[in-house]
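First the structure, in the form of structure tokens, and then the observations on it.
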Amino acid sequence: MSVWNVISLIGGLAMFIFGMNLMSDGLKLVAGSYLKKVLEKLTQNRVIAMCVGAGLTALIQSSNAMCVMVVGFVNAGMMELERSVGILMGAKIGTTITGQLIAFNISQIAPIIAFVGVAITMFVKKQKAKNVGMIIASLGVLFIGLGTMSDAMKPLANEAWFQSILQRFSNPLLGVLVGMVFTIVIQSASASVGVLQMMALSGVMGFQQAFYIMLGMNIGASVAPVLASLNASKDAKRVAMIVVLFESIGMALFLVVTQIFPQTLDLIAGTSPDNPSRQIANANTIFECMTVIILLPCAKYLVKMAKWLIPGSDEKDSMTLHYIDDSGYQSGTVLIGQIDQEVGRMYQLVHDNIEASTKVYFDTEFKLDEEKFNDNEAVVDMLNKEITSALIRTSELDITPQEAKYVSALYHIVTDLERIGDHAENVLGYALQMKQNNQNFSKKAVKEIKELSDTVYEIFDQTFEHFKEPSKDYYVLIYNLEDQIDNLVDKMRNTNIKRLSKGKCEVTQGSYFNEILVDLERVGDHCLNIAKAVRRYPVRN
């Protein structure tokens, strides 16, 4: 085997992996946020969840991406651990479609496929068509890489030193270990199995050796979700552990069966006796399907085992992100979902502070926890900074145009929330200053503050509901409430002026009252701003 063969092999592998990643990115762009919607809504039944996982993984051509996505959803609290098992198992079936596609070996017409795809991306203006063109072009690049690898590896079949190495792979455990290491290095089970198929097609490796290496490759693929879960919640780590358990148990079962019944390998190879590449693709599909059939009924025990291996519950520091983690930065759809959860957390903290800052004026049974209030405000400021940073990072990921618009809306939403928190801080500050000066509002003034506060609570709550489930009805309600707040404030300013002119309250009290009106009116304005942003850039159904 010459130096040029080695160079061709490396170049072919690079083209193959690049084409596969590009195709996965293109498919995810076409699928868009539907992945998230489907995963959230169609995973109650484990069998349906398995079918969904298989279908979506076949669609995006990456079980790693699907598993990492599930890790992210579980970490964000958007999916329960138990519901994730079926999806994870289905993802392992779905990823075998890549091998079946590779087995067609259409390398001869691959340049034409690549040309058509590139032409579409260059001359068609619509973004969706460009995404389809990208998929077609990547498919061509993928098969060009496969063809180059196949040609470069053919001389290895006659190399004595290489055949000597392959003989050692006759040991099943060594074959599994080699497969694991290879997949960990290139971070893609589909790509690893594709390389294996080309080696078999070139006559470099026999089916039995390839089979055990393939088993190891599937275990090596579980490293990606493990890495994605390192800084995530306990449940997210358990998701990654379930992937490891699934592949490891399946590998152990097939090792035992093929050692006790060697004819099993002959039966699998017999599914395509004239096509070594298809033999490996079929073996991979059979392995994953049989493992799912055996383990899907035992899903709850896999969950229990994962909880036993990763015990305890999460103790999260309030001054850290609770939902955004490394898995989010693997997928724009996941990251946006995690950001949504952090924004929801921000909403709750601001909600608590609005109530605390106003109830001190009129609720005699309310006991202010000033330390908690200040902690909430500090967390809100931290979340504003960190969420904004995460939103900036979404520009580095593949997201749909609709998701990009929603990200733009989130910039405005978190800014408005942070400012609402500042207004709550101002309102509480007036109360503390009045307490220090032994000052109180009149009963009528207190009653007016309560009326205005109740309306502010309502507009804030409705704004959050509109954020979760955007609708025209919510927007109209928020718009009317904001108008109602403006009218109330105008009315209260007039009564405040009358009280001052009649000497019923001191100038400092009147000044504090007017400042409260200003801040609460601004809260209503910011709520309307949020409602407008959500209405303009909705991403949910």
Side-chain angles (χ1 to χ4, degrees), residues 36 72-73 75-78 231-233 314-325 327-329 332 334-358 369-394 403 405-428 456-470 474 478 519-520 522-540:
K36 173 173 173 279
F73 287 152
N75 186 63
M78 298 157 61
N231 297 318
S233 65
D314 294 298
E315 294 181 5
K316 295 181 178 178
D317 183 356
S318 62
M319 288 298 290
T320 61
L321 293 170
H322 287 185
Y323 304 107
I324 298 174
D325 67 349
S327 65
Y329 295 111
V334 174
L335 182 57
I336 291 172
Q338 292 180 340
I339 290 171
D340 269 353
Q341 297 298 102
E342 294 288 2
V343 172
R345 179 184 166 206
M346 194 175 179
Y347 257 108
Q348 188 57 53
L349 293 168
V350 174
H351 175 275
D352 292 346
N353 276 12
I354 290 175
E355 286 200 349
S357 66
T358 50
D369 187 339
E370 194 173 346
E371 183 178 354
K372 181 182 177 183
F373 183 96
N374 291 332
D375 287 345
N376 285 355
E377 176 60 20
V379 175
V380 167
D381 290 340
M382 179 275 295
L383 287 174
N384 178 45
K385 178 181 176 182
E386 295 297 332
I387 291 172
T388 300
S389 177
L391 289 169
I392 293 171
R393 291 281 298 275
T394 60
E403 286 174 329
K405 290 179 180 180
Y406 183 61
V407 166
S408 177
L410 284 171
Y411 278 113
H412 298 291
I413 290 170
V414 294
T415 300
D416 280 302
L417 278 175
E418 193 273 334
R419 289 177 180 171
I420 291 173
D422 290 341
H423 289 301
E425 191 175 23
N426 292 342
V427 173
L428 180 62
V456 168
Y457 300 158
E458 185 177 0
I459 193 173
F460 189 83
D461 290 342
Q462 296 300 331
T463 301
F464 186 41
E465 292 302 316
H466 183 51
F467 170 74
K468 292 190 293 184
E469 293 291 340
Y474 277 130
I478 293 163
D519 280 296
L520 293 183
R522 294 280 171 80
V523 170
D525 293 340
H526 288 301
C527 286
L528 184 58
N529 289 343
I530 293 172
K532 287 179 178 178
V534 173
R535 185 189 184 197
R536 187 177 179 187
Y537 302 124
V539 77
R540 303 174 182 83

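Sequence positions, counted from 1, serve as the residue numbers for this chain.
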Any donor and acceptor pair, going by atom type alone, linking the side chain of [X] with main-chain N or O of [Y] inside 3.5 Å?
X      : Y      : answer
Glu342 : Ile324 : yes
Asn384 : Val380 : no
Ser389 : Lys385 : no

Specify the closest pair of heavy atoms between [X] and [Y], including all atoms of both residues, with the distance to one decimal.
X      : Y      : value
Tyr474 : Glu469 : CD1-O, 3.5 Å
Pro470 : Val534 : CG-CG1, 3.5 Å
Arg345 : Thr320 : NH1-O, 2.9 Å
Ser357 : Phe373 : CB-CE1, 4.1 Å
Cys527 : Ile420 : SG-CD1, 4.1 Å
Leu417 : Met346 : CB-CE, 4.0 Å

When rounded to the nearest 0.5 angstrom, what distance separates [atom1] in [X] from [atom2] in [Y]?
X      : Y      : atom1 : atom2 : value
Glu465 : Ile478 : CD    : CD1   : 9.5 Å
Glu386 : Leu321 : CD    : CG    : 5.0 Å
Leu335 : Thr394 : CG    : OG1   : 6.5 Å
Thr463 : Glu458 : OG1   : CD    : 10.0 Å
Asp422 : Arg522 : CG    : CZ    : 12.0 Å
Leu528 : Ile459 : CG    : CD1   : 6.5 Å

Notebook entry, point to check: Between Leu349 and Leu383, is a side chain to side chain contact (heavy atoms under 4.5 Å, CB included) present by the stated rule, with each step listed?
Noted result: CA-CA 10 Å; Leu349 293 168; Leu383 287 174; 4.0 Å; yes
With a 4.5 Å heavy-atom cut-off, do [X] and [Y] have their side chains touching?
X      : Y      : answer
Asp381 : Glu377 : yes
Val456 : Thr358 : no
Asp340 : Leu410 : yes
Thr415 : Glu418 : no

Next item on the list: Go through His351 and Glu355 one step at a time and tell me if the side chain to side chain contact (heavy atoms under 4.5 Å, CB included) criterion holds.
Entry: CA-CA 6 Å; His351 175 275; Glu355 286 200 349; 3.4 Å; yes
Next item on the list: For the pair Tyr406 and Phe467, name the ring-plane relationship: parallel under 30°, tilted 30 to 60°, perpendicular over 60°.
Entry: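 Parallel: the ring planes of Tyr406 and Phe467 meet at under 30°.
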Margin query: Evaluate Arg535 against His466 for side chain to side chain contact (heavy atoms under 4.5 Å, CB included), listing each step before the verdict.
Written below: CA-CA 9 Å; Arg535 185 189 184 197; His466 183 51; 4.3 Å; yes
Next item on the list: With side chain to side chain contact (heavy atoms under 4.5 Å, CB included) as the test, would you mind laying out the steps for His412 and Ile530 before giving the verdict?
Entry: CA-CA 7 Å; His412 298 291; Ile530 293 172; over 6 Å; no
Next item on the list: Assess the side chains of Asn376 and Asp352: does a donor N or O sit below 3.5 Å from an acceptor N or O?
Entry: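 The answer is no; no qualifying pair exists.
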